[in-house]
Amino acid sequence: MEWAKSPIVYRKSDKWDIIAPVVMKYFSEKASLNHYYGTASSTYYKSLTTDKVKYKKYFYALRPLLCCRWIERFHEIPPMRFDELLRLFDGTDSELSGELLAEINRLVDIKIETEESELNDHIPMIKSFIESELEKQHEIADKAEDDRIKDFGELNELFRGLVIR
């Protein structure tokens, strides 16, 4: 689903123009919330509970949590780019305004300057946000209505038609 909205296209065939709109119909808020929550949770417990952290791991937790918020608010596939996710919440989300947003923007600047493998001290405000957001998103994902389309007939027909051509 994310590939269909990616701003970077390395290669594209005419078949993709047929596939993308059909695939988009199968977007599920519940499945996406669970996916993004799982990604953020896994990153948090594997990489952000140690004494020192790689700053890029904060983004591996922040981005999926912001994607969850995007889905809650707009009921659509979130954008790929982190800055788009962040910019849209700027000033419209009290939790992501002010100091936290400044800390996240500072983290972006710091990450550009640091080595990928460099271990650093935690950024308490961001870590705290991730922890509270994980709890919130776990509950939201659990309570979300199962909106998955279970009939794959249209997709199967599309793919058969493209493979046989």
Side-chain angles (χ1 to χ4, degrees), residues 1-10 12 16 20-21 23-148:
M1 298 282 178
E2 287 183 334
W3 290 353
K5 291 188 74 170
S6 175
I8 299 170
V9 177
Y10 294 102
K12 182 179 146 190
W16 180 249
V23 168
M24 298 308 256
K25 292 179 189 178
Y26 286 83
F27 170 70
S28 163
E29 287 187 32
K30 182 171 184 74
S32 296
L33 289 169
N34 279 310
H35 163 72
Y36 288 121
Y37 166 77
T39 300
S41 180
S42 176
T43 297
Y44 175 77
Y45 288 108
K46 288 180 183 175
S47 304
L48 297 175
T49 55
T50 56
D51 290 338
K52 299 275 189 176
V53 295
K54 295 177 183 176
Y55 281 153
K56 75 176 185 175
K57 297 297 183 176
Y58 276 120
F59 294 104
Y60 292 177
L62 284 169
R63 183 182 178 279
L65 292 171
L66 293 176
C67 287
C68 288
R69 283 183 169 227
W70 182 284
I71 292 166
E72 288 171 61
R73 184 170 290 161
F74 301 108
H75 308 285
E76 65 180 25
I77 300 164
M80 293 281 292
R81 294 176 48 111
F82 185 77
D83 62 331
E84 282 182 54
L85 282 168
L86 203 55
R87 186 172 47 245
L88 214 63
F89 292 105
D90 188 10
T92 62
D93 189 313
S94 60
E95 284 185 67
L96 286 173
S97 296
E99 289 182 53
L100 178 61
L101 191 57
E103 279 294 281
I104 293 171
N105 285 320
R106 189 174 72 81
L107 176 62
V108 171
D109 294 337
I110 291 170
K111 192 204 170 281
I112 291 168
E113 299 297 321
T114 60
E115 294 291 323
E116 291 284 323
S117 61
E118 190 175 322
L119 292 174
N120 305 281
D121 291 326
H122 280 279
I123 302 173
M125 185 179 292
I126 294 175
K127 185 177 183 200
S128 177
F129 170 75
I130 291 170
E131 291 167 345
S132 66
E133 196 65 17
L134 281 171
E135 286 182 36
K136 176 183 170 188
Q137 292 305 330
H138 180 67
E139 190 175 312
I140 289 170
D142 278 352
K143 290 181 180 178
E145 180 183 332
D146 187 356
D147 61 343
R148 292 174 285 193

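- Considering only heavy atoms from C-beta on, Phe82 comes within 4.5 Å of Val108 through its side chain.
- Using a 4.5 Å cut-off on side-chain heavy atoms (C-beta onward), Lys57 and Tyr44 make no contact.
- The line from CZ of Arg63 to OH of Tyr36 is 5.0 Å long, rounded to the nearest 0.5 Å.
- Put simply, the side chain of Gln137 reaches to within 4.5 Å of the side chain of Arg69, judged on heavy atoms.
- For the pair Pro78 and Leu85, the minimum side-chain heavy-atom distance is below 4.5 Å.
- Rounded to the nearest 0.5 Å, atoms SG (Cys68) and CZ (Arg73) are 13.0 Å apart.
- A salt bridge between Arg106 and Glu103 is present, with a side-chain N of the basic residue lying under 4.0 Å from a carboxylate O of the acidic one.
- To the nearest 0.5 Å, the span separating CD1 on Ile112 from CG on Leu107 amounts to 10.0 Å.
- Residues Lys136 and Glu133 meet the side-chain proximity criterion, which asks for heavy atoms closer than 4.5 Å.
- Atom CG of Asp51 has 12 or fewer heavy atoms from other residues, nucleotides or ligands within 6.0 Å.
- In this structure a side-chain-to-backbone donor-acceptor pair under 3.5 Å is present from Lys30 to Ala144.
- From Asp142, atom CG reaches atom CG of Asn34 across 7.0 Å, with rounding to the nearest 0.5 Å.
- By the side-chain hydrogen bond (donor to acceptor under 3.5 Å, both in side chains) test, Ser28 pairs with Asp147, sequence neighbours left out.
- Formation of a donor-acceptor pair under 3.5 Å by the Thr43 side chain with backbone atoms of Thr39 is found in this model.
- Using a 4.5 Å heavy-atom cutoff, the side chains of Trp70 and Glu76 are in contact.
- From Leu62, atom CG reaches atom CG of Leu86 across 8.5 Å, with rounding to the nearest 0.5 Å.
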Validation: residues 116-129 side-chain donor-acceptor distances under 3.5 Å, sequence neighbours left out:
from, atom 1, to, atom 2, distance (Å)
Glu116, OE1, Lys56, NZ, 3.3
Glu116, OE2, Lys111, NZ, 2.9
Glu118, OE1, Glu115, N, 3.4
Asn120, ND2, Val53, O, 3.4
Asn120, ND2, Glu118, O, 3.0
Asp121, OD1, Lys52, NZ, 2.6
His122, ND1, Tyr58, OH, 3.0
His122, NE2, Thr50, O, 2.6

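- Atom OH of Tyr26 is surrounded by more than 12 heavy atoms from other residues, nucleotides or ligands within 6.0 Å.
- In this structure, Tyr37 and Leu134 have side chains that are in contact, with non-hydrogen atoms separated by less than 4.5 Å.
- For Tyr60, there are no side-chain hydrogen bond (donor to acceptor under 3.5 Å, both in side chains) partners, not counting sequence neighbours.
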From CA spacing to verdict: side chain to side chain contact (heavy atoms under 4.5 Å, CB included), Leu100, Ile104 = CA-CA 6 Å; Leu100 178 61; Ile104 293 171; 4.0 Å; yes
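- Summarising the geometry, atom OG belonging to Ser42 is positioned 10.5 Å from atom CG belonging to Leu48; distances are rounded to the nearest 0.5 Å.
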